[in-house]
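Shown next, in structure tokens, is the structure this report addresses.
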Amino acid sequence: MDEQTSDKPAKPEDELSVSNVSVQTADSEDQWERLARKLSRKLKREAEKKSVWNFQNKIILFTVVLFIIGVITWTLLWLFIVQAESKDALYFVGLFRVANIEFLPEYRQKESREFRSVAQNVQQVMNLVYTKSAFSKFYKQSIVSDVSNNNNGGLLVHFWIVFVVSQAKSQIFCEDCVAAILKNSIQTSTTNRTSVGSLQGLAVDMDSIVLSVGLRSDYSSTTGTGTNCIHDLHGDRLHQHFPLDILVTSGRMICYFKLIALVGHLIRLSVASIQIEADNCITDSLTIYDSLMPIKSKILYRICEPTNSVLSFVSTNNLMLVTLKSTKVEEVKKFHGYFEVIPQEKCGKAILSLGSPEFEGSIMSPYYPSYYPPKCICAWNFQSPQKNLGIALKFHNYTISEKSIKGCEHGWWKINDHMYCGYYMDHQTIFRVASFVVNVEFQCSSKCSERPLLVEYGSYNLSQPCPLGSFECHTGLCIRKTQRCDGINDCFDESDELFCDVPKQDCNTSFLTPQNSLFCDGINDCENGQDEQGCTESVPCTNSTFKCKNNICFRKQNARCDGIKDCIDGSDEKNCSNTKYSTMHHRIVGGSDAQEGEWPWQVSLLFGGVAYCGASVISKEWLLSAAHCFQGNRLSDPRIWTAHLGMRTQGKAKFISTVRRIIVHEYYNSRNYDYDIALLQLSSPWLDTMRWLIQPICIPPTTHRVHTGEKCWVTGWGQKREADDETSALLQKAEVEIVDQTLCHSAYGFITARMLCAGMMSGERDSCKGDSGGPLSCRSKGGGKWFLMGIVSWGYGCGRPSFPGVYTRVSNFATWIHKYVPSVF
Ligand code: ARG
């Protein structure tokens with residue numbers, strides 16, 4: 001075939017010219033010419049053959065390369081998509097109420113045609129909303145996970161929305177933004193006054209829309225690919241106990257209990273006992289939601305610690321979700337409880353007081369003694385039988401005080417048109433209203449369930465509020481005289497304890513020994529001054545101390561030449577060279593450099609690697625600090641904190657531990673820093689071999705009282721100047737004086753019984769920002785034990801005259817500390 005094609009004449013003119021030439025030339029030449037032509041034709045043919053072969057090769061090669069590139073691109077693309085889905089999928093979980101579709105019992109079955117049809121309808125609407133939004137590029141899908149009836153009518157639709165986003169873009173996603181897209185798509189007519197609008201034909205209640213970021217694990221579990229521990233439980237009989245029990249011995253536990261009550265009713269969940277790891281819900285938790293999906297903003301309560309006392313919680317609708325999680329089950333994890341269907345209660349009523357001198361009845365928070373749900377409103381109208389009788393309200397473990405511009409955290413009260421905020425606390429308080437008609441309104445302000453409230457009521461005589469033998473506190477509360485200044489707050493504003501001098505002891509009845517702390521310290525502790533009599537010789541000083549004239553022994557390094565008169569006669573400051581004095585005293589808030597190992601209980605708490613607060617070592621694995629250091633979502637997460645022990649210079653700790661658990665006092669009040677105390681459990685205890693640099697400080701017992709004028713030490717790495725943001729690298733110490741409580745109260749206007757003031761009224765020495773949570777250490781007389789009398793809490797500026805530092809009064813919390821750390825006493 002090749003031959004034939006090559007023999008074919010090329011062009012007619014060429015043939016002609018060649019034959020012409022051949023006629024005119026000689027034979028030998030002809031032969032040569034023919035040979036040459038043959039050769040050239042052969043060569044030409046071969047060249048043609050070669051080029052065809054090359055061309056074919058090229059095509060094959062090109063196809064192979066193309067194929068390889070295709071495979072690589074496809075693999076990369078596939079990898080990229082899969083990676084993007086697994087790494088950067090963002091999950092949002094939410095709910096809304098659709099008012100124009102009636103609930104059908106078939107919706108309970110996810111496999112039913114009815115459920116699938118309604119779910120598809122909603123999903124299509126959501127697809128339309130998000131594919132038209134600014135997030136359309138990232139939108140992947142919406143999944144309806146539950147459709148239920150509810151007390152407001154129509155359908156309650158629970159859904160997931162999934163976006164696939166690169167890490168860099170994930171920041172633009174926020175709950176509010178995703179919710180806003182949904183809300184903005186709802187058309188509401190101005191003529192129609194309800195909050196229900198049209199979302200592509202669905203009548204969606206605007207006020208019902210809730211949306212928050214969800215967990216991938218919750219997404220896969222509740223949409224059917226994860227755990228199979230999901231129970232849909234329907235309570236169809238009032239007040240019957242439906243048990244909820246779980247016991248896990250190994251592996252991982254993640255269980256969901258969806259509780260649904262009859263329409264028009266509520267769910268009450270009772271937790272009888274729970275055995276889980278106590279670590280701020282990091283590994284184990286029981287979470288109660290006011291919805292059927294784990295929506296963060298619908299959390300009613302979280303239990304992070306084991307408990308055996310019965311706690312109960314009430315929903316705001318006919319549904320509730322209880323999730324029980326444990327990431328690693330090493331010991332047995334148990335939960336025992338039940339739920340009930342209960343009717344909705346109306347809160348408040350009209351009350352006619354009898355006018356008897358005793359408290360005669362009580363009012364309670366809704367669903368008492370259960371924790372009361374959010375969104376409550378109660379109104380009570382009191383009337384006393386005579387115009388000369390007012391109404392007294394006795395709040396149990398709660399108090400109210402005038403509302404400021406800030407909102408209230410734990411409920412707000414309107415009493416005869418005056419607004420008050422409520423606070424939980426550890427004793428009763430009485431509030432008197434000087435009117436015979438009293439209207440009380442209570443509204444829940446928290447988004448979560450709150451501890452139950454009990455308020456007793458009674459009437460009192462307006463003209464003579466106090467019966468004989470009692471005296472009146474500042475707020476009109478009458479207490480028996482013997483109760484004054486007994487360390488117990490009897491008055492609403494605690495004024496019975498606030499204006500007390502430190503009680504002088506009747507030393508005739510107490511046994512005085514040389515060890516007794518009242519002995520020969522230059523301070524008259526006894527009414528008759530007996531403790532300071534005959535004190536010429538006696539108190540022995542150890543090697544590291546020296547003796548002042550009045551027999552007070554001081555540690556040399558603390559007392560000598562530091563510009564502070566430690567001895568009554570000032571002998572510790574005599575014969576000091578001026579240079580030494582000035583170098584020691586250039587520190588702000590009156591501090592100076594601490595020595596290595598001088599404050600072995602001092603701890604620096606680092607938040608995300610940055611020194612943020614102080615703390616004190618109180619046992620092998622427990623620290624005491626201030627509650628305000630851990631206020632806020634991120635700050636309350638123990639995983640972000642590290643504790644640095646046995647440290648003088650920042651960064652040179654002898655022992656560093658992560659934090660396992662933070663326990664903030666349950667009555668901590670972020671508005672006035674009342675109950676500003678927190679316990680921290682270390683992940684690993686410090687070792688005995690570190691004893692020379694790490695040691696616990698003693699917790700003062702409840703009876704241990706500090707005296708005005710007593711000298712104590714405050715330490716920390718905080719700011720050295722109020723206006724100077726820079727903190728100190730070297731641990732600073734400053735000697736401060738305990739300030740009279742009444743004086744401090746008059747300076748600040750609000751000093752509670754859980755606070756104590758220390759510093760100098762002249763303002764020389766003080767703690768400052770960054771020292772918070774750190775110790776106010778006081779040594780018992782005669783160079784004895786060191787006690788943690790205070791925790792750095794707050795103050796007006798730092799070192800300002802007339803405004804001493806305010807500390808948490810630790811002796812008030814001995815019982816509270818003991819509850820968690822029995823080993824410290
Ligand atoms: N609240 C501050 C802190 O967070 C402590 C302030 C102490 N102020 C004072 N004047 N003593 O570190």
Side-chain angles (χ1 to χ4, degrees), residues 587-591 602-608 610-616 623-632 634-636 640-641 643-644 650 662 664-665 668-678 680 706 711-729 731-741 743-745 747-752 754-778 788-810:
R587 300 296 181 199
I588 317 306
V589 280
Q602 174 80 51
V603 178
S604 178
L605 294 178
L606 274 68
F607 179 72
V610 179
Y612 196 81
C613 268
S616 305
L623 311 178
L624 201 61
S625 186
H628 80 261
C629 293
F630 312 101
Q631 206 207 347
R634 275 172 57 72
L635 289 167
S636 62
I640 310 174
W641 292 91
H644 295 232
Q650 277 290 348
I662 301 171
V664 168
H665 198 285
Y668 167 62
N669 180 340
S670 61
R671 286 183 55 184
N672 63 1
Y673 282 32
D674 206 5
Y675 299 88
D676 194 10
I677 190 165
L680 272 77
V706 276
K711 302 253 181 79
C712 297
W713 288 82
V714 62
T715 43
W717 290 270
Q719 271 177 223
K720 292 191 263 175
R721 217 187 281 261
E722 184 191 322
D724 195 346
D725 273 355
E726 207 191 310
T727 51
S728 171
L731 178 63
Q732 299 292 296
K733 59 177 181 186
E735 197 183 36
V736 285
E737 246 172 43
I738 301 298
V739 172
D740 176 63
Q741 190 89 345
L743 195 66
C744 192
H745 186 268
Y748 283 111
F750 56 96
I751 293 292
T752 72
R754 273 78 47 198
M755 300 173 187
L756 77 84
C757 304
M760 315 273 298
M761 285 321 265
S762 58
E764 279 163 62
R765 298 173 223 148
D766 195 3
S767 48
C768 199
K769 208 166 157 220
D771 292 324
S772 276
L776 175 73
S777 317
C778 306
L788 182 66
M789 292 313 297
I791 298 168
V792 180
S793 181
W794 61 279
Y796 173 56
C798 302
R800 295 194 184 193
S802 306
F803 290 100
V806 186
Y807 297 79
T808 312
R809 196 183 277 269
V810 177

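What you are looking at is a predicted structure, and each value in this text was computed from that prediction instead of being measured. Numbers for residues simply follow the sequence, beginning at 1. Just follow the structure's listing: the first ligand is 1, and inside any ligand the first atom is 1.
Rounded to the nearest 0.5 angstrom, Cys757 SG and Asp740 CG are separated by 9.0 Å. If you take OG on Ser625 and CD1 on Ile791, they are separated by 7.0 Å, rounding to the nearest 0.5 Å. Interatomic distance, Tyr675 OH to Ser793 OG, rounded to the nearest 0.5 Å: 13.5 Å.
At a 4.0 Å heavy-atom cut-off, the residues surrounding ligand 1 are His628, Asp766, Ser767, Cys768, Lys769, Gly770, Asp771, Ser772, Val792, Ser793, Trp794, Gly795, Gly797, Cys798, Gly805, listed by chain and number.
Ring geometry for Tyr796 versus Phe803: interplanar angle over 60°, hence perpendicular rather than tilted (30 to 60°).
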| message | Between Val792 and Tyr807, does the side chain to side chain contact (heavy atoms under 4.5 Å, CB included) criterion hold? Intermediate values first, please. | response | CA-CA 5 Å; Val792 180; Tyr807 297 79; 3.7 Å; yes
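Within 6.0 Å of OH on Tyr612 lie no more than 12 heavy atoms contributed by other residues, nucleotides or ligands.
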